[in-house]
Amino acid sequence: MKINRRRRLIKTFNLLDQPIRFNPFVFSRTFFMWAFTGLVGGAIAGGYWIVLEHFTEFLVQFQGWMVIPTMAICGLLAGLVIHFIGDPGEIHLIVNNIRFNKGKLDPKNNPSMILSSLFCVASGGSLGPEAPLVQVTGSTGTWLGKIFRLKGEELRSLSIAGMASGFTALFGAPLGGSLFSLEILHHKHAVEYYRAIIPALVASCFSYVMFALIIHLGIGATWDLKAYHYSGVYDFIYAFLFGVVATIFGWIFIFVVKFFKKVFEYRQLPIYIKTLVGGIILGVIAYNFPITRYFGHHEINELINGNFALNFLIVILVFKIIAIAVTVTSGWRGGFIIPLFFVGTTLGLIIHQLFPAVDTTLAIVSCMAAINACVTRTPMSTTIILGTLTGFTYFVPILFASLTGYFLAPKIPFIGSQSEKLSEE
(Lines give C-alpha, C1' and ligand atoms only; values in the text may rest on other atoms or scores of the structure.)
Protein backbone atom coordinates (compact mmCIF):
# COMPACT_ATOMS: atom_id res chain seq x y z
CA MET A 1 0.00 0.00 0.00
CA LYS A 2 2.84 2.38 0.87
CA ILE A 3 4.56 1.67 -2.46
CA ASN A 4 1.34 2.43 -4.42
CA ARG A 5 0.84 5.62 -2.44
CA ARG A 6 4.37 6.72 -3.17
CA ARG A 7 3.88 6.00 -6.88
CA ARG A 8 0.74 8.16 -6.94
CA LEU A 9 2.56 10.97 -5.17
CA ILE A 10 5.45 10.77 -7.62
CA LYS A 11 3.03 10.90 -10.60
CA THR A 12 1.24 13.89 -9.07
CA PHE A 13 4.49 15.81 -8.51
CA ASN A 14 5.62 14.98 -12.05
CA LEU A 15 2.39 16.45 -13.45
CA LEU A 16 2.74 19.58 -11.32
CA ASP A 17 6.33 19.95 -12.41
CA GLN A 18 5.34 20.15 -16.10
CA PRO A 19 4.48 23.56 -17.66
CA ILE A 20 0.79 24.37 -17.91
CA ARG A 21 -0.43 23.89 -21.45
CA PHE A 22 -3.46 25.80 -22.66
CA ASN A 23 -5.57 24.92 -25.65
CA PRO A 24 -3.56 26.51 -28.49
CA PHE A 25 -6.83 27.32 -30.29
CA VAL A 26 -7.90 29.76 -27.56
CA PHE A 27 -4.71 31.81 -27.67
CA SER A 28 -4.10 31.53 -31.38
CA ARG A 29 -3.70 34.44 -33.78
CA THR A 30 -6.93 33.53 -35.54
CA PHE A 31 -8.95 33.67 -32.32
CA PHE A 32 -7.78 37.21 -31.61
CA MET A 33 -8.57 38.20 -35.21
CA TRP A 34 -12.15 36.95 -34.83
CA ALA A 35 -12.50 38.63 -31.44
CA PHE A 36 -11.08 41.92 -32.73
CA THR A 37 -13.42 41.79 -35.73
CA GLY A 38 -16.36 41.35 -33.36
CA LEU A 39 -15.25 44.25 -31.16
CA VAL A 40 -14.85 46.54 -34.18
CA GLY A 41 -18.21 45.39 -35.57
CA GLY A 42 -19.93 46.02 -32.24
CA ALA A 43 -18.38 49.49 -32.00
CA ILE A 44 -19.51 50.36 -35.54
CA ALA A 45 -23.02 49.06 -34.82
CA GLY A 46 -23.19 50.97 -31.55
CA GLY A 47 -22.10 54.21 -33.18
CA TYR A 48 -24.55 53.72 -36.06
CA TRP A 49 -27.39 52.98 -33.64
CA ILE A 50 -26.74 56.11 -31.55
CA VAL A 51 -26.69 58.35 -34.64
CA LEU A 52 -29.82 56.64 -35.95
CA GLU A 53 -31.68 57.18 -32.67
CA HIS A 54 -30.82 60.89 -32.52
CA PHE A 55 -31.72 61.42 -36.18
CA THR A 56 -34.99 59.52 -35.68
CA GLU A 57 -35.86 61.65 -32.62
CA PHE A 58 -35.43 64.74 -34.77
CA LEU A 59 -37.51 63.50 -37.72
CA VAL A 60 -40.28 61.94 -35.62
CA GLN A 61 -41.31 65.45 -34.57
CA PHE A 62 -42.83 65.94 -38.01
CA GLN A 63 -46.28 64.49 -37.51
CA GLY A 64 -49.62 64.80 -39.32
CA TRP A 65 -49.48 66.05 -42.88
CA MET A 66 -45.83 67.08 -42.37
CA VAL A 67 -44.83 63.43 -42.55
CA ILE A 68 -45.44 63.44 -46.31
CA PRO A 69 -42.93 66.17 -47.28
CA THR A 70 -40.51 64.89 -44.60
CA MET A 71 -40.36 61.40 -46.09
CA ALA A 72 -40.33 62.76 -49.62
CA ILE A 73 -37.33 65.02 -48.88
CA CYS A 74 -35.49 62.23 -47.07
CA GLY A 75 -36.15 59.92 -50.02
CA LEU A 76 -34.79 62.53 -52.41
CA LEU A 77 -31.67 63.07 -50.26
CA ALA A 78 -31.06 59.33 -50.01
CA GLY A 79 -31.36 59.04 -53.78
CA LEU A 80 -28.93 61.92 -54.31
CA VAL A 81 -26.43 60.26 -51.97
CA ILE A 82 -26.64 57.03 -53.98
CA HIS A 83 -26.45 58.91 -57.29
CA PHE A 84 -23.37 60.98 -56.44
CA ILE A 85 -21.44 58.78 -53.99
CA GLY A 86 -22.28 55.38 -55.45
CA ASP A 87 -24.81 52.57 -55.25
CA PRO A 88 -24.06 50.43 -52.18
CA GLY A 89 -26.28 47.62 -53.44
CA GLU A 90 -28.67 45.47 -51.40
CA ILE A 91 -28.62 42.15 -49.58
CA HIS A 92 -28.49 40.37 -52.96
CA LEU A 93 -25.10 41.97 -53.65
CA ILE A 94 -23.74 40.99 -50.23
CA VAL A 95 -24.72 37.35 -50.74
CA ASN A 96 -23.26 37.32 -54.26
CA ASN A 97 -19.95 38.80 -53.12
CA ILE A 98 -19.57 36.28 -50.32
CA ARG A 99 -20.28 33.38 -52.65
CA PHE A 100 -18.76 34.43 -55.97
CA ASN A 101 -16.24 37.18 -55.14
CA LYS A 102 -14.06 35.10 -52.80
CA GLY A 103 -15.87 36.53 -49.78
CA LYS A 104 -14.77 40.12 -50.43
CA LEU A 105 -17.12 42.96 -49.49
CA ASP A 106 -15.95 46.34 -50.79
CA PRO A 107 -15.62 49.00 -48.03
CA LYS A 108 -15.75 51.83 -50.58
CA ASN A 109 -19.56 51.56 -50.63
CA ASN A 110 -19.88 52.10 -46.86
CA PRO A 111 -20.25 55.93 -46.86
CA SER A 112 -23.10 55.72 -49.38
CA MET A 113 -24.77 52.88 -47.46
CA ILE A 114 -24.50 54.63 -44.09
CA LEU A 115 -25.78 58.01 -45.27
CA SER A 116 -28.59 56.73 -47.49
CA SER A 117 -29.82 54.21 -44.91
CA LEU A 118 -29.85 56.85 -42.17
CA PHE A 119 -32.20 58.99 -44.24
CA CYS A 120 -34.36 55.99 -45.13
CA VAL A 121 -34.62 54.34 -41.70
CA ALA A 122 -34.78 57.48 -39.55
CA SER A 123 -37.50 59.14 -41.63
CA GLY A 124 -39.85 56.16 -41.29
CA GLY A 125 -39.22 53.76 -44.15
CA SER A 126 -40.43 50.20 -43.67
CA LEU A 127 -36.90 48.79 -43.71
CA GLY A 128 -34.64 48.21 -40.73
CA PRO A 129 -30.92 48.87 -40.18
CA GLU A 130 -29.85 45.23 -40.48
CA ALA A 131 -28.74 45.39 -44.13
CA PRO A 132 -26.63 48.57 -43.66
CA LEU A 133 -25.04 47.15 -40.51
CA VAL A 134 -24.23 43.84 -42.21
CA GLN A 135 -22.74 45.59 -45.25
CA VAL A 136 -20.53 47.84 -43.13
CA THR A 137 -19.42 45.23 -40.56
CA GLY A 138 -18.94 42.55 -43.24
CA SER A 139 -16.78 44.83 -45.39
CA THR A 140 -14.85 45.79 -42.26
CA GLY A 141 -14.13 42.09 -41.80
CA THR A 142 -12.82 41.98 -45.38
CA TRP A 143 -10.66 45.05 -44.75
CA LEU A 144 -9.21 43.55 -41.57
CA GLY A 145 -8.62 40.27 -43.41
CA LYS A 146 -6.52 42.07 -46.00
CA ILE A 147 -4.54 43.80 -43.24
CA PHE A 148 -3.89 40.40 -41.66
CA ARG A 149 -2.96 39.10 -45.15
CA LEU A 150 -5.64 36.43 -45.23
CA LYS A 151 -6.64 34.66 -48.42
CA GLY A 152 -9.17 32.11 -49.61
CA GLU A 153 -11.52 30.62 -47.04
CA GLU A 154 -9.84 32.47 -44.17
CA LEU A 155 -10.69 35.82 -45.75
CA ARG A 156 -14.25 34.68 -46.52
CA SER A 157 -14.65 33.46 -42.93
CA LEU A 158 -13.55 36.82 -41.52
CA SER A 159 -16.01 38.63 -43.80
CA ILE A 160 -18.80 36.33 -42.59
CA ALA A 161 -17.66 36.91 -39.00
CA GLY A 162 -18.03 40.65 -39.63
CA MET A 163 -21.52 40.10 -41.02
CA ALA A 164 -22.41 38.02 -37.96
CA SER A 165 -21.29 40.83 -35.66
CA GLY A 166 -23.72 43.17 -37.44
CA PHE A 167 -26.65 40.78 -37.22
CA THR A 168 -25.91 40.08 -33.57
CA ALA A 169 -25.76 43.75 -32.63
CA LEU A 170 -29.22 44.36 -34.07
CA PHE A 171 -30.95 41.20 -32.85
CA GLY A 172 -29.14 40.88 -29.52
CA ALA A 173 -28.74 37.15 -30.18
CA PRO A 174 -25.13 35.97 -30.68
CA LEU A 175 -26.08 32.42 -31.60
CA GLY A 176 -28.97 33.43 -33.86
CA GLY A 177 -27.03 36.28 -35.47
CA SER A 178 -24.01 34.13 -36.28
CA LEU A 179 -26.18 31.34 -37.70
CA PHE A 180 -28.22 33.85 -39.72
CA SER A 181 -25.07 35.20 -41.37
CA LEU A 182 -24.32 31.66 -42.60
CA GLU A 183 -27.84 30.53 -43.38
CA ILE A 184 -28.83 33.50 -45.52
CA LEU A 185 -25.91 32.81 -47.88
CA HIS A 186 -27.40 29.62 -49.22
CA HIS A 187 -30.85 28.08 -48.89
CA LYS A 188 -30.03 24.55 -50.02
CA HIS A 189 -26.77 23.79 -48.20
CA ALA A 190 -27.19 25.78 -44.99
CA VAL A 191 -23.70 24.97 -43.72
CA GLU A 192 -21.88 25.42 -47.01
CA TYR A 193 -19.38 27.70 -45.29
CA TYR A 194 -18.99 25.51 -42.22
CA ARG A 195 -15.45 26.80 -41.61
CA ALA A 196 -16.95 30.17 -40.70
CA ILE A 197 -19.18 28.85 -37.90
CA ILE A 198 -16.66 29.27 -35.06
CA PRO A 199 -15.33 32.64 -36.37
CA ALA A 200 -18.93 33.88 -36.61
CA LEU A 201 -19.74 32.72 -33.08
CA VAL A 202 -16.62 34.31 -31.58
CA ALA A 203 -17.14 37.61 -33.42
CA SER A 204 -20.83 37.64 -32.45
CA CYS A 205 -20.11 37.24 -28.75
CA PHE A 206 -17.54 40.05 -28.69
CA SER A 207 -19.78 42.24 -30.85
CA TYR A 208 -22.70 41.71 -28.47
CA VAL A 209 -20.61 42.75 -25.46
CA MET A 210 -19.29 45.88 -27.20
CA PHE A 211 -22.72 46.89 -28.50
CA ALA A 212 -24.30 46.33 -25.07
CA LEU A 213 -21.63 48.52 -23.43
CA ILE A 214 -22.13 51.35 -25.92
CA ILE A 215 -25.93 51.56 -25.88
CA HIS A 216 -26.43 50.08 -22.37
CA LEU A 217 -28.35 47.13 -23.74
CA GLY A 218 -30.12 44.94 -21.18
CA ILE A 219 -30.68 41.20 -21.36
CA GLY A 220 -34.26 40.16 -21.98
CA ALA A 221 -37.04 39.99 -24.53
CA THR A 222 -37.51 42.98 -26.84
CA TRP A 223 -41.25 42.51 -27.38
CA ASP A 224 -43.84 42.23 -24.59
CA LEU A 225 -45.61 39.01 -25.45
CA LYS A 226 -47.69 37.23 -22.83
CA ALA A 227 -46.20 34.13 -21.26
CA TYR A 228 -46.90 31.02 -23.31
CA HIS A 229 -48.14 27.88 -21.57
CA TYR A 230 -47.76 24.60 -23.37
CA SER A 231 -51.18 22.92 -23.60
CA GLY A 232 -50.32 19.69 -25.37
CA VAL A 233 -49.14 18.14 -28.60
CA TYR A 234 -51.88 19.97 -30.51
CA ASP A 235 -49.84 23.15 -30.15
CA PHE A 236 -47.45 21.78 -32.77
CA ILE A 237 -50.38 21.30 -35.14
CA TYR A 238 -51.53 24.86 -34.44
CA ALA A 239 -47.99 26.14 -35.09
CA PHE A 240 -47.99 24.29 -38.42
CA LEU A 241 -51.41 25.71 -39.40
CA PHE A 242 -50.41 29.24 -38.42
CA GLY A 243 -47.25 28.70 -40.44
CA VAL A 244 -49.29 27.76 -43.51
CA VAL A 245 -51.36 30.95 -43.20
CA ALA A 246 -48.27 33.10 -42.73
CA THR A 247 -46.54 31.42 -45.69
CA ILE A 248 -49.49 32.38 -47.89
CA PHE A 249 -48.90 35.98 -46.90
CA GLY A 250 -45.20 35.48 -47.56
CA TRP A 251 -46.13 34.57 -51.14
CA ILE A 252 -48.41 37.61 -51.30
CA PHE A 253 -45.57 39.83 -50.07
CA ILE A 254 -43.20 38.47 -52.74
CA PHE A 255 -45.85 39.00 -55.44
CA VAL A 256 -46.49 42.59 -54.28
CA VAL A 257 -42.74 43.31 -54.33
CA LYS A 258 -42.46 41.97 -57.89
CA PHE A 259 -45.45 44.10 -58.94
CA PHE A 260 -43.97 47.33 -57.58
CA LYS A 261 -40.57 46.41 -59.01
CA LYS A 262 -42.14 46.34 -62.47
CA VAL A 263 -43.85 49.65 -61.76
CA PHE A 264 -40.62 51.39 -60.71
CA GLU A 265 -38.65 49.82 -63.56
CA TYR A 266 -41.25 50.67 -66.20
CA ARG A 267 -39.21 53.70 -67.18
CA GLN A 268 -35.51 54.33 -66.70
CA LEU A 269 -35.58 57.12 -64.15
CA PRO A 270 -32.72 58.46 -62.00
CA ILE A 271 -32.50 56.78 -58.60
CA TYR A 272 -33.30 60.03 -56.77
CA ILE A 273 -36.61 60.34 -58.66
CA LYS A 274 -37.57 56.80 -57.64
CA THR A 275 -36.68 57.41 -54.01
CA LEU A 276 -38.61 60.69 -54.09
CA VAL A 277 -41.74 59.00 -55.45
CA GLY A 278 -41.29 56.18 -52.94
CA GLY A 279 -41.04 58.73 -50.13
CA ILE A 280 -44.27 60.42 -51.20
CA ILE A 281 -46.16 57.09 -51.26
CA LEU A 282 -44.72 56.05 -47.90
CA GLY A 283 -45.57 59.46 -46.44
CA VAL A 284 -49.19 59.17 -47.54
CA ILE A 285 -49.45 55.69 -45.99
CA ALA A 286 -47.78 56.88 -42.76
CA TYR A 287 -50.09 59.92 -42.60
CA ASN A 288 -53.19 57.73 -42.75
CA PHE A 289 -51.79 54.86 -40.65
CA PRO A 290 -49.01 56.17 -38.38
CA ILE A 291 -48.26 52.72 -36.92
CA THR A 292 -46.98 51.58 -40.32
CA ARG A 293 -44.23 54.21 -40.17
CA TYR A 294 -40.76 52.91 -39.26
CA PHE A 295 -39.48 49.36 -39.39
CA GLY A 296 -41.37 48.00 -36.40
CA HIS A 297 -38.82 47.73 -33.58
CA HIS A 298 -41.06 49.75 -31.23
CA GLU A 299 -44.29 49.52 -33.22
CA ILE A 300 -44.59 45.76 -32.60
CA ASN A 301 -45.06 46.47 -28.89
CA GLU A 302 -47.74 49.04 -29.79
CA LEU A 303 -49.58 46.35 -31.72
CA ILE A 304 -49.27 43.77 -28.95
CA ASN A 305 -50.32 46.12 -26.14
CA GLY A 306 -53.02 47.93 -28.12
CA ASN A 307 -56.60 46.74 -28.29
CA PHE A 308 -57.17 47.21 -32.02
CA ALA A 309 -60.31 46.21 -33.87
CA LEU A 310 -60.22 43.40 -36.43
CA ASN A 311 -60.95 45.72 -39.37
CA PHE A 312 -58.12 48.03 -38.38
CA LEU A 313 -55.65 45.14 -38.10
CA ILE A 314 -56.58 43.90 -41.57
CA VAL A 315 -56.03 47.37 -43.03
CA ILE A 316 -52.69 47.66 -41.22
CA LEU A 317 -51.64 44.25 -42.57
CA VAL A 318 -52.41 45.27 -46.15
CA PHE A 319 -50.75 48.67 -46.03
CA LYS A 320 -47.69 47.47 -44.14
CA ILE A 321 -47.04 44.89 -46.87
CA ILE A 322 -47.44 47.65 -49.47
CA ALA A 323 -45.16 49.98 -47.48
CA ILE A 324 -42.39 47.36 -47.27
CA ALA A 325 -42.73 46.56 -50.98
CA VAL A 326 -42.55 50.24 -51.97
CA THR A 327 -39.56 50.80 -49.70
CA VAL A 328 -37.70 47.82 -51.17
CA THR A 329 -38.43 48.58 -54.83
CA SER A 330 -38.13 52.37 -54.90
CA GLY A 331 -34.44 52.35 -54.02
CA TRP A 332 -34.67 53.00 -50.28
CA ARG A 333 -31.93 51.25 -48.31
CA GLY A 334 -32.42 48.94 -45.35
CA GLY A 335 -33.42 45.41 -44.34
CA PHE A 336 -36.82 43.77 -44.32
CA ILE A 337 -36.47 41.19 -41.51
CA ILE A 338 -38.01 43.13 -38.60
CA PRO A 339 -40.70 44.65 -40.87
CA LEU A 340 -41.68 41.06 -41.75
CA PHE A 341 -41.89 40.31 -38.02
CA PHE A 342 -44.33 43.25 -37.80
CA VAL A 343 -46.45 41.67 -40.52
CA GLY A 344 -46.34 38.35 -38.68
CA THR A 345 -47.43 40.04 -35.44
CA THR A 346 -50.39 41.68 -37.17
CA LEU A 347 -51.40 38.40 -38.77
CA GLY A 348 -51.16 36.57 -35.44
CA LEU A 349 -53.43 39.15 -33.78
CA ILE A 350 -55.95 38.80 -36.62
CA ILE A 351 -55.99 35.01 -36.17
CA HIS A 352 -56.57 35.45 -32.43
CA GLN A 353 -59.49 37.81 -33.05
CA LEU A 354 -61.05 35.35 -35.49
CA PHE A 355 -60.44 32.41 -33.14
CA PRO A 356 -60.34 33.75 -29.54
CA ALA A 357 -59.53 30.31 -28.10
CA VAL A 358 -56.15 30.39 -29.86
CA ASP A 359 -53.12 31.30 -27.75
CA THR A 360 -52.12 34.81 -28.88
CA THR A 361 -48.41 34.36 -28.25
CA LEU A 362 -48.25 31.07 -30.14
CA ALA A 363 -50.12 32.57 -33.10
CA ILE A 364 -47.90 35.67 -33.24
CA VAL A 365 -44.56 33.87 -32.92
CA SER A 366 -45.58 31.16 -35.41
CA CYS A 367 -46.62 33.75 -38.00
CA MET A 368 -43.44 35.75 -37.45
CA ALA A 369 -41.31 32.65 -37.93
CA ALA A 370 -43.07 31.29 -41.00
CA ILE A 371 -43.24 34.50 -43.02
CA ASN A 372 -39.58 35.33 -42.37
CA ALA A 373 -38.43 31.79 -43.17
CA CYS A 374 -40.52 31.85 -46.34
CA VAL A 375 -38.90 35.07 -47.59
CA THR A 376 -35.31 34.71 -46.31
CA ARG A 377 -34.95 30.87 -46.30
CA THR A 378 -33.46 30.90 -42.77
CA PRO A 379 -35.53 28.50 -40.60
CA MET A 380 -32.85 27.63 -38.00
CA SER A 381 -31.62 31.14 -37.23
CA THR A 382 -35.16 32.55 -37.36
CA THR A 383 -36.16 30.11 -34.62
CA ILE A 384 -33.27 31.14 -32.36
CA ILE A 385 -33.61 34.88 -33.04
CA LEU A 386 -37.34 34.89 -32.31
CA GLY A 387 -36.79 32.90 -29.13
CA THR A 388 -34.43 35.67 -27.98
CA LEU A 389 -36.52 38.65 -29.12
CA THR A 390 -39.85 37.37 -27.79
CA GLY A 391 -38.76 35.39 -24.74
CA PHE A 392 -40.56 32.38 -26.23
CA THR A 393 -38.49 29.58 -24.67
CA TYR A 394 -40.31 26.68 -26.34
CA PHE A 395 -38.26 26.41 -29.53
CA VAL A 396 -40.06 23.40 -31.01
CA PRO A 397 -43.33 25.17 -32.01
CA ILE A 398 -41.32 28.01 -33.56
CA LEU A 399 -39.24 25.48 -35.45
CA PHE A 400 -42.39 23.78 -36.77
CA ALA A 401 -43.65 27.13 -38.09
CA SER A 402 -40.23 28.10 -39.49
CA LEU A 403 -39.84 24.82 -41.37
CA THR A 404 -43.39 25.18 -42.70
CA GLY A 405 -42.51 28.58 -44.17
CA TYR A 406 -39.21 27.24 -45.51
CA PHE A 407 -40.59 24.17 -47.29
CA LEU A 408 -43.71 25.90 -48.63
CA ALA A 409 -41.75 28.90 -49.97
CA PRO A 410 -41.70 29.65 -53.70
CA LYS A 411 -39.25 27.69 -55.83
CA ILE A 412 -37.51 30.87 -56.92
CA PRO A 413 -36.19 32.56 -53.75
CA PHE A 414 -36.95 36.17 -52.94
CA ILE A 415 -33.22 36.84 -52.54
CA GLY A 416 -32.25 35.99 -56.09
CA SER A 417 -28.63 35.19 -55.27
CA GLN A 418 -29.83 32.20 -53.22
CA SER A 419 -30.98 30.51 -56.43
CA GLU A 420 -29.89 26.90 -56.94
CA LYS A 421 -28.92 27.67 -60.55
CA LEU A 422 -26.38 30.21 -59.37
CA SER A 423 -25.00 27.79 -56.83
CA GLU A 424 -24.43 25.11 -59.46
CA GLU A 425 -22.45 27.36 -61.78
Side-chain angles (χ1 to χ4, degrees), residues 171-180 182-184 187-191 220-254 296 300-301 303-304 310 313-314 317 321 337-411 413-414:
F171 297 130
L175 180 57
S178 56
L179 186 56
F180 196 94
L182 292 164
E183 204 175 10
I184 199 170
H187 78 276
K188 187 177 181 182
H189 306 291
V191 289
T222 302
W223 298 314
D224 305 326
L225 288 171
K226 296 178 182 177
Y228 164 73
H229 300 286
Y230 175 70
S231 59
V233 71
Y234 289 108
D235 282 7
F236 302 132
I237 300 175
Y238 289 141
F240 165 73
L241 293 174
F242 299 150
V244 171
V245 175
T247 303
I248 292 171
F249 279 87
W251 279 68
I252 292 172
F253 167 75
I254 293 171
I300 287 176
N301 276 333
L303 272 179
I304 295 170
L310 177 61
L313 289 173
I314 293 172
L317 177 67
I321 290 175
I337 297 166
I338 294 182
L340 285 176
F341 287 159
F342 181 96
V343 173
T345 303
T346 311
L347 187 58
L349 291 171
I350 291 172
I351 291 173
H352 175 69
Q353 293 229 9
L354 291 173
F355 306 98
V358 166
D359 185 282
T360 314
T361 300
L362 180 62
I364 289 174
V365 175
S366 297
C367 290
M368 281 179 160
I371 193 168
N372 188 66
C374 173
V375 175
T376 64
R377 310 292 180 102
T378 56
M380 293 184 291
S381 51
T382 293
T383 301
I384 298 170
I385 288 170
L386 278 177
T388 303
L389 293 176
T390 62
F392 196 98
T393 55
Y394 297 86
F395 278 9
V396 180
I398 311 179
L399 186 58
F400 268 64
S402 294
L403 289 174
T404 300
Y406 175 75
F407 285 112
L408 297 182
K411 183 178 180 180
F414 177 74

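Of all the heavy atoms in Cys374 and Ala409, the pair that sits closest is O-CB, 3.5 Å. The shortest non-hydrogen separation linking Thr361 to Asp359 is N-OD1, 3.0 Å. Between Cys367 and Ile351, the closest heavy-atom pair is SG-CD1, 3.7 Å. The shortest heavy-atom contact between Pro410 and Ile254 is CG-CD1, 3.8 Å. Ile321 and Phe249 get closest at one heavy-atom pair: CD1-CD2, 4.2 Å. For Leu399 against Pro379, the heavy-atom pair with the smallest separation is CD1-O, 4.5 Å.
Residues Asp235 and Tyr394 fail the side-chain proximity criterion, which asks for heavy atoms closer than 4.5 Å. A heavy-atom distance below 4.5 Å is found between the side chains of Leu313 and Leu303.
Defined by atom type and a distance below 3.5 Å, a donor-acceptor pair is present between the side-chain atoms of Ser402 and Thr383.
Every residue two or more places apart in sequence or in another chain was checked for a ring pair (Phe, Tyr, Trp, His ring centres under 6.0 Å) with Phe171, and none qualifies.
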Ignoring hydrogens and angles, write down the donor-acceptor pairs under 3.5 Å from the side chains of residues 343-350, residues two or more places apart or on other chains.
from   : atom 1 : to     : atom 2 : distance (Å)
Thr345 : OG1    : Phe341 : O      : 2.8
Thr346 : OG1    : Phe342 : O      : 2.9

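Checked options Ile338, Leu340, Thr390; the residue passing with Met368 is Thr390 (criterion: side-chain contact (heavy atoms from CB on, under 4.5 Å)).
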